[in-house]
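Everything below concerns the one structure shown next.
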Amino acid sequence: MLKTVEGTGASIEEAKADAFSKLGISENDEYKELEVVKTPTKKILGLFGGSPAIVRVSVETKEEKRPVKEKKAQNQADRKKEKKKAEVKAKTVSQPVDIKNELSLNITNEYKETAEYIKSIVLALGMESCIVTEMSNDEEIYFELDCGDDYGIIIGKRGETLDALQYLARMVANKGKASYKRVSVNVGNYRAKREETLKALARKTAIKAIKQDRNITLEPMNPYERRVIHTAVQEVEGASSHSIGLDLERRVVIGPVGGGKQSSNRRGYSKGNRRPQNEAYKPDIAADREPKSDLDGSFLYGKIESKSEE
């Protein structure tokens, strides 16, 4: 690799010394080329004009090599990063096929307007790209999003952003349609992962409630998530579950069959209005409303609840 610098000085010798200094070599060291670009000129009457000498020196330098250990460590880090990206991409790409088989969905372009609407929101959230795959059957419309590896902003806290996006997509997809269809929006296999998390929570809480002989109240959930909890609790012998509260504050209470001690509170759930321990527990239901089971009419992938839903 050839490195060239220019030196200046009152004389050619001073210009050469300046160039050698910039290259970090001495006059006795080897160099490729030395060229006098400009000779010095003297000032008129020692006061006016004049210019310094300019010398250009070129030297052959060796390309700096990175330490072998450092290069090896970097290669290993790069391989791990690429492997992780490939795994995430494989999961994201394969998910639409799994859902298609599970729910007998067919890939379609019938809801292209809704797909473009979803894409516009995702891009407005700051994502660089988004591919929306549409699938449907007679009852369900499913949108699978592929937005790369980092899609946490689309999911939001406990899926709240994704649920909101799903609600908007449902409104657009069913607008002006004679028959109503359920709409599901998923990204990065989040729905399946959330379901497994809920099942594990239900089993763990049911075992704890039986062991401690008390009721345990979970955080508010949408109808589908409550349904997952109820179904999982039924698999634990000696455990039962029911829902309390209204609208967005509706929660699942897990306890032993026949009722347990006073319900414990999780995540800041109100501690007021506690019943006497010898009084039978009854779910909170408004006087003008009929009890409604979480096991009936729940959406497959959850939904945003309005005041008319429990």
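Quick caveat, the model's predicted, so the values are computed rather than measured.
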Report task. Please report the C-alpha distance between Arg250 and Met221 in whole Å, then the side-chain angles of each, then the deciding distance to 0.1 Å, and finally whether the side chain to side chain contact (heavy atoms under 4.5 Å, CB included) criterion is met. Result -> CA-CA 7 Å; Arg250 193 157 174 79; Met221 297 179 185; over 6 Å; no
Requested in this report: Side-chain contact test, heavy atoms from C-beta onward, threshold under 4.5 Å: evaluate it for Met127 versus Cys130 and give yes or no.
Outcome: no
**Report entry** Flag if over 12 foreign heavy atoms under 6.0 Å of NZ, Lys119
**Finding:** no
Requested in this report: Flag the pair Glu139 and Arg182 as a salt bridge only when some basic side-chain nitrogen lies within less than 4.0 angstrom of an acidic carboxylate oxygen.
Outcome: yes
Query raised in the report: Where do Glu14 and Ser11 land on the side chain to side chain contact (heavy atoms under 4.5 Å, CB included) test, with the steps shown first?
Result: CA-CA 5 Å; Glu14 290 182 8; Ser11 64; 3.4 Å; yes
Report summary line: Rounding to 0.5 Å, atoms CD1 (Ile254) and CD1 (Ile216) come to a distance of 7.5 Å
Query - Closest heavy-atom pair and its distance - Asn174, Ser179 - result: OD1-O, 4.0 Å
Query raised in the report: Met135 versus Asn106: any side-chain heavy-atom pair under 4.5 Å?
Result: no
Report task. Examine Val228 and Val236 and state if one hydrophobic cluster contains both, with Ile, Leu, Val, Met, Phe, Trp and Tyr joined whenever side-chain heavy atoms are less than 4.5 Å apart. Result -> no
Report task. For the residue pair Glu144 and Val132, establish whether any side-chain heavy-atom pair is separated by less than 4.5 Å. Result -> no
Query raised in the report: Does Ile118 belong to the same Ile/Leu/Val/Met/Phe/Trp/Tyr cluster as Leu123, with side-chain heavy atoms less than 4.5 Å apart forming each link?
Result: no
Query raised in the report: When rounded to the nearest 0.5 angstrom, what distance separates CD in Glu35 from OG in Ser58?
Result: 8.0 Å
Query raised in the report: Is the backbone N or O of Gly159 less than 3.5 Å from a side-chain atom of Tyr190, with the two atoms forming a donor-acceptor pair by type?
Result: yes
Query raised in the report: Among the clusters formed by ILVMFWY side chains lying less than 4.5 Å apart, do Met171 and Val122 turn up in the same one?
Result: yes
Query raised in the report: Are Ile210 and Val233 linked, directly or through other ILVMFWY residues, by side chains that come within less than 4.5 angstrom of each other?
Result: no
**Report entry** Thr41 (side chain) donor-acceptor with Ser51 (main chain) under 3.5 angstrom
**Finding:** yes
Query raised in the report: Can we say Arg191 and Asp163 salt-bridge, meaning some charged N sits less than 4.0 Å from an Asp/Glu carboxylate O?
Result: yes
Report task. Dump the intermediate steps for side chain to side chain contact (heavy atoms under 4.5 Å, CB included) on Tyr142 and Ser136, then the final yes or no. Result -> CA-CA 6 Å; Tyr142 182 87; Ser136 68; over 6 Å; no
Report task. Evaluate whether atom NZ of Lys112 has more than 12 neighbouring non-hydrogen atoms of other residues, nucleotides or ligands under 6.0 angstrom away. Result -> no
Query raised in the report: Is Arg56 close to Val5 at the side-chain level, that is, under 4.5 Å between some pair of heavy atoms?
Result: no
Query raised in the report: What distance separates Asn186 CG from Leu145 CG, expressed to the nearest 0.5 Å?
Result: 7.5 Å
**Report entry** Check: Thr8 main-chain N/O paired with Asp18 side-chain donor or acceptor under 3.5 Å
**Finding:** yes
Report summary line: On a heavy-atom basis, the closest approach of Pro256 and Ala209 is CD-O, 3.9 Å
Query - Glu196 CD to Leu201 CG distance, which is reported to the nearest 0.5 Å - result: 12.5 Å
Requested in this report: Please say whether more than 12 non-hydrogen atoms of neighbouring residues, nucleotides or ligands are located less than 6.0 Å from CD in Glu113.
Outcome: no
Query raised in the report: What is the distance from atom CD1 of Ile229 to atom CD of Gln234, rounded to the nearest 0.5 Å?
Result: 12.0 Å
Query raised in the report: Does any N or O in the side chain of Ser120 come within less than 3.5 Å of the main-chain N or O of Tyr117, such that one atom is a donor and the other an acceptor?
Result: yes
Query raised in the report: Would Ile154 and Tyr167 show up in the same hydrophobic cluster when neighbours are defined by side-chain heavy atoms closer than 4.5 Å?
Result: yes
Query raised in the report: If we only count heavy atoms from C-beta on, is the Ile12 to Val55 side-chain gap below 4.5 Å?
Result: yes
**Report entry** Pairwise side-chain contact, Val252 with His230, heavy-atom cut-off 4.5 Å (strictly under)
**Finding:** yes
Query raised in the report: Would you call Lys199 and Glu235 a salt bridge, taking side-chain N to carboxylate O under 4.0 Å as the test?
Result: no
Query - Donor-acceptor pair between Glu140 and Ser184 side chains, under 3.5 angstrom - result: yes
**Report entry** pair Arg170-Lys181: side-chain heavy atoms closer than 4.5 Å
**Finding:** no
Query - Ile141 CD1 to Tyr111 OH distance, which is reported to the nearest 0.5 Å - result: 4.0 Å
Report task. Check step by step if salt bridge (charged side-chain N to carboxylate O under 4.0 Å, His left out) holds for Glu225 and Arg194. Result -> CA-CA 9 Å; Glu225 291 182 340; Arg194 175 64 173 166; 3.0 Å; yes
**Report entry** Side-chain H-bond candidate by donor/acceptor type, Glu195 with Tyr224, under 3.5 Å
**Finding:** yes
Query - The single option from Thr114, Val187, Thr133 passing side chain to side chain contact (heavy atoms under 4.5 Å, CB included) against Phe143 - result: Thr114
Query raised in the report: Can you tell me if Thr197 uses its side chain to pair, donor with acceptor, with the backbone of Lys193 under 3.5 Å?
Result: yes
Report summary line: For Val36 and Thr39, the nearest pair of non-hydrogen atoms, with its separation, is CG1-CG2, 4.2 Å
Query - Non-hydrogen side-chain atoms of Ile153 and Thr161 separated by less than 4.5 Å - result: no
Requested in this report: Taking only Lys NZ, Arg NE, NH1 and NH2, and the carboxylate oxygens of Asp or Glu, determine whether Glu249 and Arg251 approach each other closer than 4.0 Å.
Outcome: yes
Report summary line: Minimal heavy-atom distance between His242 and Ile244, with the atoms involved, is CD2-CG2, 3.8 Å
Report task. Go through Ile121 and Leu165 one step at a time and tell me if the side chain to side chain contact (heavy atoms under 4.5 Å, CB included) criterion holds. Result -> CA-CA 8 Å; Ile121 295 177; Leu165 180 61; 3.7 Å; yes
